[in-house]
Engineer: 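This is the structure, below, for whatever I ask next.
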Amino acid sequence: MKKYFFAVDLGATSGRTILGTLAEGRLEQEELTRFPNNLIETGGHFYWDIYALYFEMIRGLKEVTRRGLPLTSIGIDTWGVDFVFIGRDGAILRNPMAYRDPHTFGRMEEYLRNVVTQREVYDITGIQFMNFNSLFQFYAMQQDGNVAMQMADKVLFVPDALSWMLTGEAVCEYTIASTSQMLDPRTGDLSNRLIESVGMKRSQFGRMVQPGTRIGVLSEEIQNMTGLGPVPVIAVAGHDTGAAVAAVPARDEHFAYLSSGTWSLMGIETKEAIISDRSYELNFTNEGGIEGTTRFLKNICGMWLYERCRKDWPEEVRQLSHPELQGAAMQVEAFRSIINPDDKLFANPSSMIGAIQQYCRESGQPVPETPAETCRCIFDSLALRYRQVFGWLKEFASFDIDVLHVIGGGSLNKYLTQFTADACGVEVMAGPQECTAIGNIMLQAKACGDVSDIWEMRRIIANSVDMVAYHPTQDTAAWDAAYERFLELSK
């Protein structure tokens, strides 16, 4: 008998509702609705429209009712760090501020200088430092006298707020809470030291729950609105990257993952957080995983470089398909020009093409002039950066890493994926592409008793998706020489 699971998958630019079905050990997905997630700019700030996202959830649920399908459960995943303030009367206090709002500029440095030191924050949380982390958003709001924060009875991270809107139950899901830079992975709860440092209390946040916990059922109001019954709402991995990593179709624990998209997130699953002098020095992060694991990873600038260049190229180049443009890049001399993708020069330049040319010019390398040369420079350089981070992961891992799983949209780039296998000297398995929704759905299935554990879950995923294996070529000397150049340039 088929089981039907409803997944809400929200990114920072768009969202989807997906219907997942599980039968006879195979998973199938169908996109029900797709919609934009628009930033609202008003009064000098940027906000998310939480009511629009709620409306889209309801619209998707009504579509399930229209089809007459027996829904088993509902799960929600979103981007990280952002949150919603709830008043004592149960009303939302303003739309939530977006992490892209400039109110945190300079506030992280101010907080670390005047409130809690950088090393103490890292020793508590093991989280990499980014100015938009929730901790620094709260600090900025405290300093600015934010009235919504002052009046808040509850503070719920975005996926938890949406679950609360469906059920009336307030929880604090572990994976999304870990993105706040306020969670202590040793205790498994938010740190009172950090909460109180920004004038807040632990009681304002919901009860801590692990992925796969049943939050509650649809409220009577939602049941009447959608025509559904008391369908359970499950706390899946509320952080979209957590859901994606849960969907890695690995055979066993001897793997690393590369979630490849605008950002590349490369890491391993560990039983405990890794918080040390070395992890602090390299700015690795420890985010919450499933079944008590930690996602030990590093953020790498990914296809952002390529995407920004593509926007700047002439119309006739933008009209080329990705395979056509990338195929032309393969005709260019390998390692002609190399950049460090994580150099500050590439964070948000007015022209990415110009920034790459500037980097190459200042480092005494041939300057990429054509789209093919620029594209080849990006792919070579990303693969070399992956090699560097992969080497660090092997240093930290307590196990041998036998395979690197590349998931997300970047897994479709066959050239970069082959380069990654060559650079890292490891077998690379590419796919699935839509891993976030898959992880959301399968964690619902696990919570509902249809899957016993993470490894059965991953076996089902492996049986349900297409993967492509890439093996290192024999041209190791060229990659070794290019890597030495990369290390020299990265100094």
Engineer: Between CD of Gln433 and CG of Leu412, what distance do you get to the nearest 0.5 Å?
Structural biologist: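 Between atom CD of Gln433 and atom CG of Leu412 there are 4.0 Å.
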Engineer: Side chains of Glu307 and Thr262 only: does a donor on one sit below 3.5 Å from an acceptor on the other?
Structural biologist: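 Result is yes, a qualifying pair exists.
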Engineer: With a 4.5 Å heavy-atom cut-off, do His103 and Asn146 have their side chains touching?
Structural biologist: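 With C-beta onward as the side chain, the pair stays apart.
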Engineer: Should we say atom CG of Asp466 is surrounded by more than 12 heavy atoms from elsewhere, each under 6.0 Å from it?
Structural biologist: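 Not more than 12 within 6.0 Å, no.
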Engineer: How are the rings of Phe255 and His405 set relative to one another: parallel (under 30°), tilted (30 to 60°) or perpendicular (over 60°)?
Structural biologist: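 Because their plane-to-plane angle is over 60°, the rings of Phe255 and His405 count as perpendicular.
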Engineer: What do the steps show when you test Asp422 against Arg387 for salt bridge (charged side-chain N to carboxylate O under 4.0 Å, His left out), and what is the final call?
Structural biologist: CA-CA 9 Å; Asp422 295 340; Arg387 172 172 173 160; over 6 Å; no
Engineer: Indicate yes or no: does Arg376 engage Glu373 in a salt bridge with an N to O separation below 4.0 Å.
Structural biologist: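 Salt bridge: no.
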Engineer: Which is it for Asn286 and Ser178 under the side chain to side chain contact (heavy atoms under 4.5 Å, CB included) test, yes or no, and what are the steps along the way?
Structural biologist: CA-CA 8 Å; Asn286 292 267; Ser178 72; over 6 Å; no
Engineer: What are the two closest non-hydrogen atoms of Trp263 and Ile300, and how far apart are they?
Structural biologist: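 That would be CE3-O, 3.3 Å.
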Engineer: For Tyr122 and Ser276, work out which heavy atoms get closest and say how close.
Structural biologist: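 Here Tyr122 and Ser276 meet closest at CE2-O, 4.2 Å.
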Engineer: If you round to the nearest 0.5 Å, how far is OG1 of Thr33 from CZ of Arg59?
Structural biologist: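 These two atoms lie 5.0 Å from each other.
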Engineer: Side chain to side chain contact (heavy atoms under 4.5 Å, CB included) between Asn37 and Glu56: does it pass, once the steps are laid out?
Structural biologist: CA-CA 10 Å; Asn37 182 13; Glu56 293 294 349; over 6 Å; no
Engineer: Could you tell me whether a side-chain N or O of Asn440 sits under 3.5 Å from a main-chain N or O of Gly75, the two making a donor and an acceptor?
Structural biologist: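 Yes, because the side chain of Asn440 sits within donor-acceptor range (under 3.5 Å) of the backbone of Gly75.
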Engineer: Tell me if a side-chain donor or acceptor on Asp160 pairs with a main-chain N or O of Glu173 at a distance below 3.5 Å.
Structural biologist: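 Yes; at least one donor-acceptor contact below 3.5 Å.
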Engineer: We want to know whether Thr270 and Glu272 form a side-chain donor-acceptor pair, criterion being a heavy-atom distance below 3.5 angstrom.
Structural biologist: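 The answer is no; no qualifying pair exists.
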Engineer: Between Asp380 and Arg485, is the closest basic N to carboxylate O distance under 4.0 Å?
Structural biologist: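 Here Arg485 does not pair with Asp380 in a salt bridge, since their nearest N and O are not under 4.0 Å apart.
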Engineer: Output yes when Glu110 and Arg113 qualify as a salt bridge under the 4.0 Å nitrogen-oxygen rule, no when they do not.
Structural biologist: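 Result for this pair is no, no salt bridge flagged.
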Engineer: Could you tell me whether the side chain of Gln29 and the main chain of Ile18 form a donor-acceptor pair under 3.5 Å?
Structural biologist: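 Not a single qualifying donor-acceptor pair exists.
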Engineer: Do Ile339 and Leu345 have side chains that approach each other closer than 4.5 Å (heavy atoms only, starting at C-beta)?
Structural biologist: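 No; the side chains remain at least 4.5 Å from each other.
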Engineer: Any chance you could lay out the side chain to side chain contact (heavy atoms under 4.5 Å, CB included) test for Trp479 and Leu384, step after step, and finish with the verdict?
Structural biologist: CA-CA 8 Å; Trp479 280 101; Leu384 292 167; 3.8 Å; yes
Engineer: Is the closest side-chain heavy-atom distance between Asp402 and Glu427 below 4.5 Å?
Structural biologist: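 In short, these two side chains do not touch, never coming nearer than 4.5 Å.
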Engineer: Measure the shortest side-chain to side-chain distance between Cys309 and Cys375 over non-hydrogen atoms and say whether it is less than 4.5 angstrom.
Structural biologist: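 A side-chain contact under 4.5 Å is absent here.
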Engineer: Are Gln137 and Asp82 close enough that a side-chain donor and a side-chain acceptor fall under 3.5 Å?
Structural biologist: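 There is such a pair between these side chains.
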Engineer: Between Thr78 and Phe157, is there a side-chain heavy-atom distance shorter than 4.5 Å?
Structural biologist: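 A side-chain contact under 4.5 Å is absent here.
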Engineer: Quick check on the 6.0 Å ring-centre criterion: do Phe346 and Tyr359 meet it?
Structural biologist: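 Yes, close enough.
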Engineer: If every non-hydrogen atom of Pro211 is compared with every non-hydrogen atom of Ala237, which pair is closest and at what distance?
Structural biologist: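 Nearest heavy atoms, Pro211 then Ala237: CB-N, 4.0 Å.
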Engineer: Would you indicate whether the side-chain heavy atoms of Leu325 and Pro371 approach each other to under 4.5 Å?
Structural biologist: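 With C-beta onward as the side chain, the pair touches.
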Engineer: Does atom CE of Met330 have more than 12 heavy-atom neighbours, drawn from other residues, nucleotides or ligands, at distances under 6.0 Å?
Structural biologist: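 Counting other residues, nucleotides and ligands, CE of Met330 exceeds 12 neighbours.
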Engineer: Quick check for you: to the nearest 0.5 Å, what is the distance between Gln204 atom CD and Leu156 atom CG?
Structural biologist: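 So the gap between those two atoms works out to 10.5 Å.
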Engineer: So which heavy atom on Leu135 is nearest to which on Val198, and how close?
Structural biologist: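 For Leu135 and Val198, the tightest heavy-atom pair comes out as O-CG1, 3.9 Å.
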Engineer: How about Gln357 and Glu369: do any of their side-chain heavy atoms sit closer than 4.5 Å?
Structural biologist: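 A side-chain contact exists here, since the closest heavy-atom pair is under 4.5 Å.
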Engineer: Could you check whether any side-chain N or O of Ser134 sits under 3.5 Å from a backbone N or O of Val81, counting only pairs where one atom can act as donor and the other as acceptor?
Structural biologist: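 Side chain of Ser134 to backbone of Val81, a donor-acceptor pair under 3.5 Å: yes, one is there.
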Engineer: In Å and rounded to the nearest 0.5 Å, what is the CG to CZ distance from Leu404 to Phe390?
Structural biologist: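 Nearest 0.5 Å value for the CG-CZ distance: 6.0 Å.
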Engineer: Verify the distance criterion only: is there a donor paired with an acceptor across the side chains of Thr436 and Asp240 at less than 3.5 Å?
Structural biologist: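 Checked: Thr436/Asp240 side chains show no N/O donor-acceptor pair below 3.5 Å.
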Engineer: When rounded to the nearest 0.5 angstrom, what is the spacing between OG1 in Thr179 and CD1 in Ile127?
Structural biologist: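 Answer rounded to 0.5 Å: 7.5 Å.
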Engineer: Taking the inter-plane angle between the rings of Tyr306 and Phe379 on a 0 to 90° scale, is it parallel (under 30°), tilted (30 to 60°) or perpendicular (over 60°)?
Structural biologist: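 Because their plane-to-plane angle lies in the 30° to 60° range, the rings of Tyr306 and Phe379 count as tilted.
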Engineer: Hey, is CD on Glu30 packed in by over 12 heavy atoms from elsewhere, all under 6.0 Å?
Structural biologist: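 More than 12 within 6.0 Å, yes.
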Engineer: Is the side chain of Arg310 donor-acceptor paired with the backbone N or O of Arg318 at a distance under 3.5 Å, no angle test?
Structural biologist: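 Yes, Arg310 side chain to Arg318 backbone: donor-acceptor pair under 3.5 Å.
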Engineer: Considering non-hydrogen atoms only, spot the tightest contact between Arg100 and Leu39 and give its length.
Structural biologist: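 In this case the closest contact between Arg100 and Leu39 is CD-CD1, 4.0 Å.
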Engineer: Does Arg119 make a cation-pi contact with Tyr280 (under 6.0 Å, within 45 degrees of the axis)?
Structural biologist: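 That pair qualifies as a cation-pi contact.
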Engineer: Counting distance only, does the side-chain N/O of Ser490 pair as donor-acceptor with the main-chain N or O of Leu487 below 3.5 Å?
Structural biologist: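 Pair absent, no side-chain N/O of Ser490 close to backbone of Leu487.
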Engineer: Under the ring pair (Phe, Tyr, Trp, His ring centres under 6.0 Å) test against Phe296, which residue among Phe284, Trp392, Tyr257 passes?
Structural biologist: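 By the ring pair (Phe, Tyr, Trp, His ring centres under 6.0 Å) criterion, Phe296 pairs with just one of Phe284, Trp392, Tyr257: Phe284.
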Engineer: Side chains of Arg385 and Gln388 only: does a donor on one sit below 3.5 Å from an acceptor on the other?
Structural biologist: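 Checked: Arg385/Gln388 side chains pair up, N/O donor to acceptor below 3.5 Å.
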Engineer: I need the minimum non-hydrogen distance between Ile176 and Gly80, along with the two atoms involved.
Structural biologist: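 Taking Ile176 first and Gly80 second, the nearest heavy atoms are CD1-CA, 3.7 Å.
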Engineer: If you draw a 6.0 Å radius around CZ in Arg251, do more than 12 non-hydrogen atoms from other residues or ligands fall strictly inside?
Structural biologist: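 Counting other residues, nucleotides and ligands, CZ of Arg251 stays at 12 neighbours or fewer.
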Engineer: How many angstroms lie between atom CD1 of Ile124 and atom CD of Glu120, to the nearest 0.5 angstrom?
Structural biologist: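 Answer rounded to 0.5 Å: 4.5 Å.
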Engineer: Given 3.5 Å as the limit, does a donor-acceptor pair link the side chain of Ser337 with the main chain of Cys377, or not?
Structural biologist: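 Pair absent, no side-chain N/O of Ser337 close to backbone of Cys377.
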Engineer: Where the side chain of Ser260 meets the backbone of Gly408, is there a donor-acceptor pair that is under 3.5 Å apart?
Structural biologist: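 No; judged by distance alone, with no hydrogens or angles, the pair does not exist.
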Engineer: Under 30°, 30 to 60°, or over 60°: which ring-plane class applies to Phe205 and Phe138, parallel, tilted or perpendicular?
Structural biologist: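 Geometry flag for Phe138 against Phe205: perpendicular rings.
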Engineer: Just by modelled atom types, is the Ile74 backbone N or O under 3.5 Å from a matching donor or acceptor in the Gln444 side chain?
Structural biologist: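 Answer holds: yes.
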Engineer: The test is side chain to side chain contact (heavy atoms under 4.5 Å, CB included); show your working for Met57 and Leu53 and say whether it passes.
Structural biologist: CA-CA 6 Å; Met57 284 197 308; Leu53 298 176; 5.9 Å; no
Engineer: Is Met149 close to Met200 at the side-chain level, that is, under 4.5 Å between some pair of heavy atoms?
Structural biologist: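 Side-chain contact under 4.5 Å: yes.
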